[in-house]
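Report on the following structure.
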Amino acid sequence: MKPRTLLVEIGTEELPPKSLRLTSEGFAAGIVAELDAAGFDHGEAIAYATPRRLAVRIPLVPAVLPDRTIEHRGPPFDRAFDEKGNPTPAASGFAKSSGVAIDELIRIDGEKGSWLGYRSLQAGARLDQSILGMVERVLGRLPAARRMRWQEHEFEFLRPIRWIVSMHGPDVIEGTLFSIPCTNETRGHRFLCPQGPVIEDADSYEEILLEKGRVVADFDKRKEMILEQAKSQARDAGGEALIDPDLLEENTALVEWPVAIRCDIGDLPSFRNLPDAVIIASMQGHQRYFPVVEPAAESGGETGPLMPCFIAISNIDSPHPEKVRQGNLRVIRPRLEDAVFFLNNDKGRSLESRLGDLQDVVFHARLGTLHDKSKRLERLAGIIAKRMLGEGAGSDAHDLEMVESAERAGLLAKCDLLTEMVGEFPELQGEMGGEYALNDSALNDNRPAGSPEREAVASAIRESYRPRFAKDSIPATEAGQAVALADKLDTLVGIFAIGQAPKADKDPFALRRAALGVLRILIEGEIDLDLESLLIAAKQGYPEGLSRAPGTSKKTANKTQAKSGIDESRGDGAPGQGSDRIRKSDPDNPLPQLRKFIFDRLRAWFLDQGIPADVFNAVHARFEERSEEPKRPFDFACRVYAVDAFRRRPEAAALAAANKRIRNILRQSERPLHGFETKPKESLFCEPSERALAKALDAIEPLAMERIEKGDYTAALHHLASLRDSVDSFFDDVKVMDEDEALRNNRLALLGRIASLFMETADISSLQSTGA
Amino acid sequence: MASTENARDLDTFQGLILTLQEYWAEQGCILLQPFDMQVGAGTFHPATFLRALGPDPWRAAYVQPSRRPADGRYGDNPNRLQHYYQYQVVMKPAPDHVQELYTGSLVAIGIDPLVHDIRFVEDNWESPSLAAWGLGWEVWLNGMEITQFTYFQQMGGVKCRPVMAEIAYGLERLAMYLQGVDNVFDLVWTKAKGEGSVRYRDVFHASEYQLSCYNFDLADIDMLRERFDSYERECMKLSTLESTSDDASDPSRRDNEVKGLSPGKFHPYPAYEQLLLASHTFNLLDARGAISVTERQSHILRLRTLAEGVAKCYCLLYPSDDDGEGSRRGDHLESLEHESLEKAQESDR
């Protein structure tokens, strides 16, 4: 029989939407892996996912695997029979234990001899007998935040399973799974098609569900429909839909038959009086609506101002869409009115007046209250702001104000956590602080405490949580950058100090995100500060002896430390950091471990930007060569970007090869790759091309070094790229390892200079991905 | 006849209740009456909390007045009340088509699912103070949450098996939708014959105002604290599995306790009522703003301990009507240990 299409559909009650895509992909991949492991050929799997089903359709799966002949070998043939031709005890024993008559045993010839034995035919595995077991295993393994039981069953899944379709071509694969008989009858839309339809053939699954079941089974097709409908509805209102990618995914996972409905709020006082961010949060958060903004082109900004309407994605093609619309409008109005109520209540007090209340809110049991944290942020943001200004600056009015703003914003950044609005919409933390800080400055002066907050302070508070997610921007203002850095560094240092660094997939304090945030602010903000000294400054904000758990004996404290010491050494391949080693054993100093943790985020971040791993490695190798740890993220990134630009140059491949050659030569003669002191002597050059190379080097070296000192590695490598021809000629014409020791050493010195010069930026010899 | 039709008029609050009563009675639920104590939700009715435990089938439906002292707004807010009604349906084990039974009830109260957008949106339930959790949804009617639908997985720290499904309708919200009013106090309770309508305002506005005053401003904090402690002691007395520490040295007595075979010792029903009193007292303290962040944690933990004690006692005393007691007890103890192990692992995480 020809291979046919396999279809498995697990019908469920409404599945958790945020994880639906992952669940579906895991299901399809799991079934494919099971088929592979069992030896079934197959075509490319297509996964389907809706709120009420996970399905996979796999073409070209055979019904039965070919039978297999299995050889069973007994004793060597020459020891199977005695001289008279009678079976030896070994032979008869084998026959007996295999249950085969002695005269049915045959001679099996192999490369290394002959045996007495027999062949048996093993029937090939049947798909209909294997598939349900596979499905059961795959469902049991699917990642799930929480599983549940239902009825009296002991098995668990994300939600109750209510029907199962399993088919091979037009045939039902019969059986029972999770106490449910498998059939060819699926279920369509909960209300539009309450019974059936029957799937006539595995290949027609999608079409039948669409036409009879009123279900768009394909996740991405549904997503595309929602996107199109939302955009077009927004266009009709003269605006643009504000579509958050995660919210789009979530909406896709919440409907089987998407119908976008635009709801016009009308002239509502609450809409006029609320900041856009609050309205957007009200729409997106609980209600999963898409807000609509005025077209960006007209307003000139990134996104235009909010329009008084939103788009709801419903799951029904209602004959009376106005009822669905009215219903949704009835929900949003009280929500916006609640928000106005919160806003007005919150504005009755200044932000600063909430500082004292932060004493009642624990940041972490061992790291004090949010009040303590606020005080630390005031100090640390100030220190960072001063360092950002650099040595020379700091005296003019603008600089002073920046430092003051950072300190003030650091102090007040957490106050909005106690406001009613942030209680209702946690995602508005920071945003509301900024809003209320402006309010403090706009209102009268007769409030009990709190002086007017300047715009800069408000912006810095607003920006203090950035970047909040992968594509979020970093703070735009210097003071905002200082506060955002301070907040993240304080949390990182504190949590590491009490030994709660993230492990494997457990990162309850979101420290990975904080670490990446620190790096991004330093790099994208072009802030060339030393990470280690920032960590030390953050550490100094905490009291001494933080690492020792309160009330534990010294012995326990040491134990904890020893454990984290093991964790560190695992990923730490760089030997020879004597000073770091010593500090690592100091229970009060988590900083080396933390610095490594932060830098570890860099590699993946560059990869995400399309920068190949070997570029990162080339830069990293430059530090390893010197037994140094990279300390300045911005400087490191400048090198990475320079090398990434360099690798695309036409000279890159040749120079990478030349550097590799130089490196090998120097290694063999036991010379270092950098800091090569000996200068080659003019008098010892005898070949024209070595003289030419030396001359070219003399011309370029001061130019390149000047650039390197300014951190302009791209320009430095640009200069070095011009060496390509002279280097190539040198290797064509000159024998480095000359018998004359003086000549040899002179040439090694010349190569050493080149290697050294390249190594100032990165180890170009390790570049592989040259070319555009 | 005419008066019956009036009673079932879905334009009235009582018509809505009567329709739901009738519908769920047809689905085999026993129609219970509200529990006569102050509780925060229908879940606290013993017909839910206690009946979710143990192996026996159970189907019930009832209205439950629910108290949320902190949600009061002196009768000023169109959507918030400190006293409101839930309509609660529980089915154990829940039948295969329990979701369809529920959507059938919406049709019964006049909501056409082919016209309105009705959806089950993930919303899981967890009550730290009851040591309870379940998975389920909030049900949306055109984007508005009208019902909580939960499959209980654990109650009072004990694994629920078979699994009970809980359907909790927010009656005021649903009625506001059906009547098309934006203020809860404008709801028509009933259209009395010959006279004007009776509205929600006429029934509850005065009590909303006075109780908000009490909850937020007048309740005696010291008295509430003392009461919380007394209720807790009383609950412990009636439900603690361990023998009192003074008697621990008496080996014969201790033996009895450990086996849990002296049913006379445990009284889960009165113990549970003490827990409810403590729980409401905690809510009042909270509304009075008398509970700090750390205190809140410790109070929730104390309530949780009580809930776990009550649930254990209940399982030991009412294992099953149709099975040998001894073996059932053994089963339950096993499942208790299993659960507490799981809990320990969870808290480890």
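Order of the sequence lines sets the chain letters (A, B, ...), proteins ahead of strands, with each chain counted from 1. What's counted below: heavy atoms across the whole structure, side chains too, no hydrogens, waters or symmetry copies. As the structure is a computational prediction, the values presented were derived from the model and not from experiment.
Interface residue B:Ile118: backbone and side-chain heavy atoms are both found under 4.5 Å from chain A. Heavy atoms closer than 4.5 Å to chain B are found nowhere in A:Gln326, neither backbone nor side chain. Of the atoms belonging to B:Pro95, it is backbone heavy atoms, and not side-chain ones, that fall under 4.5 Å from chain A. Using a 4.5 Å cut-off between heavy atoms, B:Met176 touches chain A through backbone and side chain atoms alike. A:Leu158 touches chain B through its backbone: at least one of N, CA, C or O sits under 4.5 Å from a heavy atom, while the side chain does not. For A:Pro160, the part sitting under 4.5 Å from any heavy atom of chain B is the side chain, from C-beta outward, and nothing else. Interface residue A:Arg52: only side-chain heavy atoms are found under 4.5 Å from chain B. Looking at B:Asp96, both its backbone and its side chain come within 4.5 Å of chain A, counting heavy atoms on both sides.
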- Start with the C-alpha gap between A:Leu254 and A:Ile313, add the side-chain angles, then the distance that decides, and say whether side chain to side chain contact (heavy atoms under 4.5 Å, CB included) holds. CA-CA 9 Å; A:Leu254 280 166; A:Ile313 306 301; over 6 Å; no

- Item | ring pair (Phe, Tyr, Trp, His ring centres under 6.0 Å) assessment of B:Trp125 paired with B:Phe152 | CA-CA 8 Å; B:Trp125 175 76; B:Phe152 291 135; 5.3 Å; yes

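The greatest number of non-hydrogen atom pairs below 4.5 Å with chain A, out of B:Arg119, B:Arg80, B:His116, B:Glu100, is found for B:Arg119. Of the listed residues (B:Gly143, B:Pro93, B:Gly134), the greatest number of heavy-atom pairs within a distance under 4.5 Å of chain A belongs to B:Gly143. Contact tally against chain B (heavy-atom pairs below 4.5 Å) for A:Val259, A:Val324, A:Val331: the top residue is A:Val324. Per-residue counts of heavy-atom pairs under 4.5 Å with chain B were compared for A:His320, A:Gln151, A:His189, A:Arg325; the largest is that of A:Gln151. Per-residue counts of heavy-atom pairs under 4.5 Å with chain A were compared for B:Met91, B:Glu138, B:Glu145; the largest is that of B:Glu138. Considering only heavy-atom pairs separated by less than 4.5 Å from chain B, the leading option among A:Glu152, A:Gln287, A:Arg162 is A:Arg162. In terms of heavy-atom pairs under 4.5 angstrom with chain B, the leader among A:Lys323, A:Lys18, A:Arg190 is A:Arg190.
Counting only distance, with no hydrogens or angles, the side chain of B:Asn142 and the backbone of B:Asp117 share a donor-acceptor pair below 3.5 Å.
The structure places OG of A:Ser374 at 8.0 Å from NZ of A:Lys414, a figure rounded to the nearest 0.5 Å.
Ring orientation note: the planes of B:Trp140 and A:His286 are tilted relative to one another, at an angle of 30° to 60°. Ring geometry, B:Tyr85 versus B:Phe13: the interplanar angle falls from 30° to 60°, so the pair is classed tilted. By the 30° and 60° cut-offs, the orientation of the rings of B:Phe216 relative to B:Tyr74 is tilted. Ring geometry, B:Tyr200 versus B:Phe204: the interplanar angle falls from 30° to 60°, so the pair is classed tilted.
Annotation: side chain of A:Phe155 is not in contact with side chain of A:Leu139 (no heavy-atom distance under 4.5 Å).
With no hydrogens or angles considered, a side-chain donor-acceptor pair links A:Asn328 and A:Tyr289 at under 3.5 Å. Side-chain atoms of B:Ser212 and B:Gln82 include no donor-acceptor pair closer than 3.5 Å.
Using non-hydrogen atoms only and a strict 4.5 Å limit, the part of residues 101-113 of chain B facing chain A consists of B:Thr103, B:Pro113.
Ion pair A:Glu14/A:Arg159 not flagged as a salt bridge, since none of the NZ, NE, NH1 or NH2 atoms sits closer than 4.0 Å to an Asp/Glu carboxylate oxygen.
The two residues A:Glu420 and A:Asn345 come nearest to each other via the heavy atoms OE2-ND2, 3.1 Å.
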